[in-house]
*Asks:* 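Please see the structure below; I have some questions.
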Amino acid sequence: MRNSEFKQDILGRGLTEKLYMTQRQRKRLVKWVLCSLCCLGLLILQDVAFSRFRPMGGTVDLPVCAIFLSCLLHDAESGGKFAIWASLFYLYSGSAPGHYVVAVIPVLGILLAVFRMSYLQKGFPAIFLCCAVCVFAYEFFSFGVGLFYGVASLRSTWAVLQTAINTTVVIPLLYPAFSAIANMGGSSWIE
Amino acid sequence: MRHYLNRKIRILLIVAVLLAVGLAIADSLTDASLLGKLTQSTLTPIRGAVNGLANQAEKFYSYMFRYEALEAENERLKEQIAQMEDDARRADSVSRENDRLRAVAEMKAHHEDYDTVDAYLISWDSNDWSSTFTINRGTSSGIDVDMCAVTANGEVVGLVTEAGSNYAVVKTLLDSSLEVSAAIASNGYSGMVRGGYISGQSDLLRMNYVSSAAVMRNNDQVVTSGSTMYPRNLIIGYIIDAGFENTGVAKYAILQPAADIANLEQVFIITEYDNQ
């Protein structure tokens with residue numbers, strides 16, 4: 001075995017040493033913390049700045065895009081668990097349109113993650129395509145719920161479509177950061 | 001695909017759906033989401049800080065790139081202030097004459113007082129068909145659900161729909177789920193005002209159920225007719241269009257909101273009012 005193939009496990013510091021975590025486990029912990037912080041940051045940015053910014057009549061759904069990206073960049077199981085927790089936080093932050101986000105976001109993320117794992121390669125085009133499908137499905141599902149409850153009208157279809165398009169345009173901007181975070185600690189499953 | 005859709009994934013899918021249904025039922029039965037209040041109370045200071053930074057950045061941008069436009073707006077506002085001071089002097093004179101005539105006619109004065117709490121907007125809801133924002137004051141400042149929000153000039157902005165210890169959520173008049181009882185100031189005909197999102201005019205208001213005998217003119221003022229949630233005679237908006245409803249029995253009016261809701265930075269919550 002060459003020396004470069006073997007990396008000695010670095011002893012942890014403080015709490016991680018007391019928890020007897022391996023280096024890989026520490027990196028995965030840092031990965032999920034960073035992922036959560038990124039989603040939180042985008043949620044705050046959306047609430048404070050982008051909610052009043054309406055390019056071509058639609059808005060941008062940054063936190064939803066971030067949750068879908070996080071789910072799709074990991075395997076369906078770990079991504080799905082993260083999507084459930086993140087959706088819960090999104091709901092209770094007051095920014096979500098309704099309780100259905102706790103079901104819709106994880107279900108869409110998990111199903112498209114399974115589809116990607118089954119038929120597509122792990123790369124930007126596949127992630128972009130699956131994330132775009134998730135975003136469009138989510139936006140039109142929300143619109144359908146609004147129509148059902150009588151708080152939305154068919155006249156607003158263009159605004160919903162524009163919101164979905166605007167959110168899709170943001171995916172390539174968020175992808176590098178989320179991809180780098182997802183690669184920390186190695187892949188959780190083999191292609 | 002079946003290979004990856006294993007038992008664990010199916011359990012996750014079922015858990016997500018059951019969680020959503022369970023939380024919806026639990027929140028509707030208890031009518032108070034403790035987790036929601038806790039989360040929003042934690043996020044409020046962060047939102048406030050980021051909002052402060054965003055406002056500073058916007059002011060710097062305006063100073064650097066819109067200086068001439070700001071100068072022109074400053075001049076326009078000075079003229080407007082001078083006009084308003086003149087109107088205030090005339091109103092003062094009319095008010096004194098009104099008091100004198102009331103004393104002569106031995107009529108009781110109609111006087112409204114209300115206490116207000118000022119608050120700053122820290123975040124907006126980005127939903128396409130709802131219009132709500134969050135302010136940085138809550139129950140600890142005396143704000144509670146179903147209190148009215150107005151601007152510094154007494155223009156109606158909306159209603160408080162949720163209140164935590166250090167935050168409150170205000171649903172604006174533009175939200176189509178909010179209805180306010182209103183009256184046309186010039187002739188007293190009443191109706192119900194709601195947001196115009198459903199009719200395709202998301203920045204305007206629509207006044208429904210107005211009597212077919214009502215005569216409505218352009219720029220007629222529409223005010224609150226008074227209720228347990230809204231004091232009387234607060235300005236809602238100005239009529240810009242009118243017509244008959246599809247039924248032909250009543251009229252409707254399209255209103256331009258008096259408050260510049262899209263550019264609001266500060267609101268005043270009416271915590272107590274007294275219609276004498």
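These numbers come from a predicted model, not from an experiment. The chains referred to below are lettered A, B, ... by the order of the sequence lines, with proteins before strands, and numbering in each begins at 1.
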*Asks:* Decide if atom CH2 of Trp85(A) counts as having more than 12 heavy atoms of other residues, nucleotides or ligands within a radius under 6.0 Å.
*Replies:* no
*Asks:* Can you say whether Ser87(A) sits under 4.5 Å from chain B via the side chain, the backbone, both, or neither, judging by heavy atoms?
*Replies:*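 Contact with chain B involves no heavy atom of Ser87(A) at all.
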*Asks:* Quick one, Asp27(B) with Tyr92(A), criterion side chain to side chain contact (heavy atoms under 4.5 Å, CB included). Give me CA distance, side-chain angles, the key distance, then yes/no.
*Replies:* CA-CA 11 Å; Asp27(B) 286 346; Tyr92(A) 286 117; 3.7 Å; yes
*Asks:* Which answer fits Leu88(A), side chain, backbone, both or neither, if we ask what part of it has an atom under 4.5 Å from a heavy atom of chain B?
*Replies:* side chain
*Asks:* For Tyr149(A), does the OH atom sit with more than 12 other heavy atoms under 6.0 Å from it, leaving out its own atoms?
*Replies:* no
*Asks:* Out of curiosity, Ile122(B) CD1 to Asp47(A) CG, how far, rounded to the nearest 0.5 Å?
*Replies:*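 Nearest 0.5 Å value for the CD1-CG distance: 9.0 Å.
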*Asks:* Flag yes if more than 12 heavy atoms outside Asn246(B) fall under 6.0 Å of its CG atom; otherwise flag no.
*Replies:* no
*Asks:* Mind ranking Ala20(B), Ala54(B), Ser177(B), Gly48(B) by heavy-atom pairs under 4.5 Å with chain A and telling me who comes out on top?
*Replies:* Ala20(B)
*Asks:* Quick check on Leu45(A) against chain B: is it the side chain, the backbone, both or neither that has a heavy atom closer than 4.5 Å?
*Replies:*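 It is neither, since no heavy atom gets under 4.5 Å.
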*Asks:* Distance from His99(A) atom NE2 to Ile25(B) atom CD1, nearest 0.5 Å?
*Replies:* 10.5 Å
*Asks:* Working to the nearest 0.5 angstrom, can you tell me the gap between Met117(A) CE and Ile9(B) CD1?
*Replies:* 6.5 Å
*Asks:* Any chance you could measure Ile84(A), atom CD1, to Leu13(B), atom CG, to the nearest 0.5 Å?
*Replies:*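 That separation rounds to 8.0 Å.
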*Asks:* Can you tell which part of Ala262(B) gets under 4.5 Å to a heavy atom of chain A, answering side chain, backbone, both or neither?
*Replies:* backbone
*Asks:* Checking Leu35(B) against Phe89(A) for the side chain to side chain contact (heavy atoms under 4.5 Å, CB included) test, could you report, in this order, the C-alpha distance in whole Å, the side-chain angles of both residues, the deciding distance, and whether it holds?
*Replies:* CA-CA 9 Å; Leu35(B) 268 175; Phe89(A) 188 85; over 6 Å; no
*Asks:* In Å, rounded to the nearest 0.5 Å, how long is the span from CZ of Arg7(B) to CD of Glu77(A)?
*Replies:* 11.5 Å
*Asks:* In terms of heavy-atom pairs under 4.5 Å, which option from Ser93(A), Gly94(A), Pro106(A) contacts chain B the most?
*Replies:* Ser93(A)
*Asks:* From Arg10(B) CZ over to Ile110(A) CD1, what is the distance, rounded to the nearest 0.5 angstrom?
*Replies:*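 Reported to 0.5 Å precision, the distance equals 12.5 Å.
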*Asks:* At a 4.5 Å cut-off on heavy atoms, which part of Leu12(B) comes close to chain A: side chain, backbone, both, or neither?
*Replies:* both
*Asks:* Around Glu58(B), counting heavy atoms of other residues, nucleotides and ligands shown, do more than 12 lie under 6.0 Å from its CD?
*Replies:* no
*Asks:* Answer yes or no: is there a side-chain heavy-atom contact under 4.5 Å between Gln40(B) and Ser95(A)?
*Replies:* no
*Asks:* Based on non-hydrogen pairs under 4.5 Å, which of Val50(B), Leu18(B), Val17(B) is most in contact with chain A?
*Replies:* Val50(B)
*Asks:* Please say whether more than 12 non-hydrogen atoms of neighbouring residues, nucleotides or ligands are located less than 6.0 Å from OH in Tyr120(B).
*Replies:*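 Incorrect, the count does not exceed 12.
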*Asks:* Would you say Phe140(A) has more than 12 foreign heavy atoms packed within less than 6.0 Å of its CZ?
*Replies:* yes
*Asks:* With chain A as the partner, which of Leu23(B), Asn263(B), Asn51(B) has the greatest number of non-hydrogen pairs under 4.5 Å?
*Replies:* Leu23(B)
*Asks:* Heavy-atom cut-off 4.5 Å, strictly under: side chain, backbone, both or neither for Leu91(A) against chain B?
*Replies:* side chain
*Asks:* Among Ile44(A), Leu43(A), Val48(A), which one satisfies side chain to side chain contact (heavy atoms under 4.5 Å, CB included) with Ile46(B)?
*Replies:* Ile44(A)
